[in-house]
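The structure follows.
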Amino acid sequence: MTRPMTQALTPADRALTWAQQAALVVGASMFVAVCARVTLPLPFTPVPLTMQNFGVLLVGLMLGRERGFAALALYLAEGLAGMPVFSPTGPGGLAQLLGPTGGYLIAYPFVAAVAGWMMERGPRTFFRAATAGLLAEILLFVSGISWLVVFTHSFAQALRFGFYWFVFAEIIKVMLASGIATGWRRMRKVEI
């Protein structure tokens, strides 16, 4: 016999739902940690080229604003606790957050939230996902470059260290994350 749609969830159902959501958040934080391992140090800048930003965008686009924010806040907490989740080219822990990449790292929960918020606000098309990714990337670079300005005391140097070398790669990451997020949603609709 099926229950009416209006019946409240039982405590067991609520616990299962909470456990599923927690598992998604923890899994997403670990996914970003794996993406951080794919890194290419560049000799002319202290900011490495990593797949971390791709992971952050994909988590935000797939999980939405709340779970995306929670996953990346957890990711930062894991890094602060000394877990090896940040890019291996940096010192790790608090030193990594205070180093040249700190502005990018601190922005991650907000970047995922912006991308997720945009995806929740209308039809989940590739165009919407790419727009969400682009706006999230703007937030990421504003934060990262602002921190580099404080770090280097030069706006021009901050742009050289943290922007020019990364634009093309970030466009590819936005397109890839957008394609995966919308493709996954389309595939899930077909299965149902």
Minimum side-chain heavy-atom gap L72-V56 below 4.5 Å: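 Yes, their side chains come closer than 4.5 Å.
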
I'd like to know if V25 and V32 are part of one continuous hydrophobic network [Ile/Leu/Val/Met/Phe/Trp/Tyr, side-chain heavy atoms within less than 4.5 Å].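 The answer is no; the residues belong to distinct hydrophobic clusters.
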
Using only atom types and a distance under 3.5 Å, with no angle test, would you say the side chain of Y164 pairs donor to acceptor with the backbone of L159?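 Here the side-chain-to-backbone pair does not exist.
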
Same cluster or not: are I180 and V34 linked, directly or through other Ile, Leu, Val, Met, Phe, Trp or Tyr residues, by side-chain heavy atoms under 4.5 angstrom apart?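 No, because I180 and V34 fall into different hydrophobic clusters, even though each may have its own neighbours under 4.5 Å.
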
How close do W117 and R65 get, heavy atom to heavy atom, and via which atoms?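 Minimum heavy-atom contact is N-CB, 3.6 Å.
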
More than 12 foreign heavy atoms under 6.0 Å from CZ of F155: is that the case here?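 Result for CZ/F155: open.
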
Side-chain contact, heavy-atom cut-off 4.5 Å: L74 with V26?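 Yes, close enough: below the 4.5 Å cut-off.
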
Minimum heavy-atom separation for A71 to V59, with atom names?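 Looking at all heavy atoms of both residues, the closest pair is CB-CG1, 4.0 Å.
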
If you take all heavy atoms of G99 and W147, which pair is closest and at what distance?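 Minimum heavy-atom contact is O-NE1, 2.6 Å.
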
Are F151 and L140 connected in a single hydrophobic cluster, I mean Ile/Leu/Val/Met/Phe/Trp/Tyr linked by side-chain heavy atoms less than 4.5 Å apart?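 No, separate clusters.
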
How would you list, by chain and number, every residue that makes a side chain to side chain donor-acceptor pair (under 3.5 Å) with R160, sequence neighbours excluded?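 Q157.
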
Between F44 and W165, what is the ring plane arrangement, given parallel below 30°, perpendicular above 60°, and tilted in between?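 Geometry flag for W165 against F44: tilted rings.
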
Using modelled atom types only, decide if a donor and an acceptor are shared between the side chain of S143 and the backbone of L139 within a distance under 3.5 Å.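 Side chain of S143 to backbone of L139: no pair is present.
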
Any heavy-atom pair between the side chains of L42 and V47 that's under 4.5 Å?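 With C-beta onward as the side chain, the pair stays apart.
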
Do the non-hydrogen side-chain atoms of P46 and F161 ever get within less than 4.5 Å of each other?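 A side-chain contact under 4.5 Å exists here.
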
Ignoring hydrogens and geometry, is there a side-chain-to-backbone donor-acceptor pair from R128 to M118 under 3.5 Å?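 Side chain of R128 to backbone of M118: a pair is present.
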
Measuring only between side-chain heavy atoms, which start at C-beta, is T182 closer than 4.5 Å to T125?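 Counting from C-beta outward, T182 and T125 never come under 4.5 Å.
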
Do you know the tightest heavy-atom contact between P41 and P48?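 Looking at all heavy atoms of both residues, the closest pair is CA-CB, 4.2 Å.
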
Looking just at side-chain N and O atoms, do E170 and N53 make a donor-acceptor pair shorter than 3.5 Å?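 The criterion, which ignores hydrogens and geometry beyond distance, is satisfied for N53 and E170.
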
Within the supplied structure, the quantity of interest is the number of heavy atoms (other residues, nucleotides, ligands) at a distance under 6.0 Å from F168 CZ; does it exceed 12?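 No, not enclosed.
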
Quick one: does T50's side chain have a donor or acceptor within less than 3.5 Å of a partner on T39's backbone?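 Such a contact is absent between T50 side chain and T39 backbone.
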
Take M119 and M62 through the side-chain contact (heavy atoms from CB on, under 4.5 Å) test and state the conclusion after the steps. CA-CA 8 Å; M119 280 300 279; M62 296 286 289; over 6 Å; no

Before you tell me yes or no, could you show the steps for L97 and L80 under side-chain contact (heavy atoms from CB on, under 4.5 Å), namely the whole-Å CA-CA distance, both residues' side-chain angles and the distance that decides it to 0.1 Å? CA-CA 8 Å; L97 286 176; L80 281 173; 3.2 Å; yes

Where A28 and L63 come nearest, the two heavy atoms and their spacing: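 Nearest pair, atom of A28 first, then L63: CB-CD1, 3.6 Å.
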
Tell me whether the count of non-hydrogen atoms from other residues, nucleotides or ligands lying under 6.0 Å of CD in E66 goes above 12.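 Open.
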
Test side-chain contact (heavy atoms from CB on, under 4.5 Å) on S87 and R37; report intermediate values, then the result. CA-CA 6 Å; S87 170; R37 294 312 214 189; over 6 Å; no

Using atom types as modelled and distance alone, determine if a side-chain donor or acceptor of K173 lies under 3.5 Å from a backbone N or O of G55.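 No: the side chain of K173 does not pair with the backbone of G55.
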
In Å and rounded to the nearest 0.5 Å, what is the OH to OH distance from Y108 to Y75?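 Here the interatomic distance stands at 6.0 Å.
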
Decide yes or no for L148 and Y104: does some side-chain heavy atom of the first lie under 4.5 Å from some side-chain heavy atom of the second?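 They are in contact (side-chain heavy atoms under 4.5 Å apart), so the answer is yes.
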
Testing the basics here: between F166 and T45, what is the closest heavy-atom pair and its distance to 0.1 Å?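 That closest heavy-atom pairing would be CZ-CG2, 4.2 Å.
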
Does any part of the side chain of L76, heavy atoms only, come nearer than 4.5 Å to the side chain of P109, both counted from C-beta?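 A side-chain contact under 4.5 Å exists here.
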
Tell me whether the rings of F163 and F141 are parallel (<30°), tilted (30 to 60°) or perpendicular (>60°).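 Geometry flag for F141 against F163: perpendicular rings.
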
Between I172 and L57, is there a shared hydrophobic cluster once you connect ILVMFWY residues whose side-chain heavy atoms come closer than 4.5 Å?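 Hydrophobic grouping puts I172 apart from L57.
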
Do you reckon W18 sits in the same ILVMFWY cluster as L24, going by side-chain contacts under 4.5 Å, direct or chained?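 Result: no, two separate clusters.
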
Would you kindly say whether S29 and E78 are connected by a side-chain donor-acceptor distance under 3.5 Å?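 The answer is yes; a qualifying pair exists.
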
